[in-house]
Each structure stands twice: as C-alpha cells, then as structure tokens.
Amino acid sequence: MNLHENDMSQEKNSNPEHQDTNEPDTLIERLEDLKERGYTYDFNLTAHALELHKDDGIRLTLSPEDFNIVEFFRFEGMSNPSDTSILYAIESGDGLKGTLVSSYGVYADAMSNEMIKKLDTRSSLIVHSDDDQAH
C-alpha cells in the first residue's frame, strides 16, 4: 500500500472551474458512485471502532488498525456552512468495502483518541490500495 495526498478531491470541490460536471457533487450521488465501485457496506461509528451489521445477522467490529480510509468527501450545508458532513470510503484489512457518513465531523461524538486520529481528515495522507494506482 502507498500513501497519497487527497488534495485533488478537495480542490475540485473548492474550485468550480476545475470541477468535472459529470462528477457526483451531492452526498447521495457520492454514496451511489461508491456503491457502484464496490463500497456496499454501511459502517456505524462507535466510541472505539466501526461496526458493520451484515445481511446474515453477523455483527463485525473494526478497530482503527483494522481499516483504512481510501477516500473522503466533505459536504457543507447550504444554509449553514458549519453543518458539515463527511463521507468516508473505507476498506478493512480483509477486503470489506463500505462507507461511513459523519454528520458533524469526527469531534461530534465521544470517541477514543485512536478513532479521532484515524478519522481526522485534516491530515492529507490517505492510504490507497494498489488497485487505485490507475486513478
């Protein structure tokens, strides 16, 4: 795995002249795009981990060291820019791919220091798998 900066998606969102008009620009459109790309699971945030409830009834818990953030996207509220949603594209160490939506950023809920560090999007380094190198 290699580390890459995620400035491109943030730059496209902040600079309309560089934005691809075919690229999704709403939370729902991004979720649909990620689902088409294989991010089919919905992760839930807990204080110390991510949880996943599979269709067969099995509940999985992923500690911060068990998953990587592949991409993230920020969305601001139209009437209040401080209403921020962050969409994370996440992949577990064993290949489960899904999404997590945090309505008000990572500091809204009580979380462990490890989870705060893992979900902190102020760091521009994001882990990409070798399959993502073509992008």
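Not measured: the values here are computed from a predicted model. Reckoned from all heavy atoms, side chains included, excluding hydrogens, waters and symmetry mates.
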**OP:** Could you walk me through whether Leu52 and Leu96 pass side chain to side chain contact (heavy atoms under 4.5 Å, CB included), step by step?
**Re:** CA-CA 10 Å; Leu52 166 65; Leu96 294 174; 3.8 Å; yes
Original post:
salt bridge (charged side-chain N to carboxylate O under 4.0 Å, His left out) between Glu71 and Arg30: does it pass, once the steps are laid out?
Top reply: CA-CA 11 Å; Glu71 295 178 79; Arg30 283 283 177 194; 5.5 Å; no
Original post:
Would Asn44 and His53 satisfy side chain to side chain contact (heavy atoms under 4.5 Å, CB included), going step by step from the backbone distance to the final call?
Top reply: CA-CA 9 Å; Asn44 296 306; His53 297 272; 3.8 Å; yes
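For Lys97 and Tyr41, the positive end is not near the middle of the six-membered ring at less than 6.0 Å and at most 45° from its axis.
Annotation: Lys35, atom NZ; neighbour count of heavy atoms from other residues, nucleotides and ligands within 6.0 Å does not exceed 12. More than 12 heavy-atom neighbours from other residues, nucleotides or ligands sit within 6.0 angstrom of CG on Asp56.
Taking CG of Leu34 as the reference point, atom OG1 of Thr99 lies at 7.0 Å (rounded to 0.5 Å). Atoms CZ and OG, from Phe43 and Ser92 in turn, are 6.0 Å apart once rounded to the nearest 0.5 Å. Note: Arg74 CZ to Ser85 OG = 11.5 Å, rounded to the nearest 0.5 Å. Here the straight-line distance linking atom OG1 of Thr61 with atom CG of Leu50 works out to 9.0 Å at 0.5 Å rounding. How far CG of Leu119 is from CZ of Phe72: 11.0 Å, rounded to the nearest 0.5 Å. Phe67 CZ to Tyr88 OH: the interatomic distance, rounded to the nearest 0.5 Å, is 9.0 Å.
Glu91 is not listed as a side-chain neighbour of Asn68, based on a closest heavy-atom distance of 4.5 Å or more.
When every heavy atom of Leu62 is checked against every heavy atom of Ala49, the shortest pair comes out as O-CB, 3.1 Å. Tyr39 approaches Ala89 most closely through the heavy-atom pair CE2-CB, 3.8 Å.
Considering Asp33, Leu27, Asp25, Leu31 in turn, Asp25 is the only one that fulfils the side chain to side chain contact (heavy atoms under 4.5 Å, CB included) rule with Glu29.
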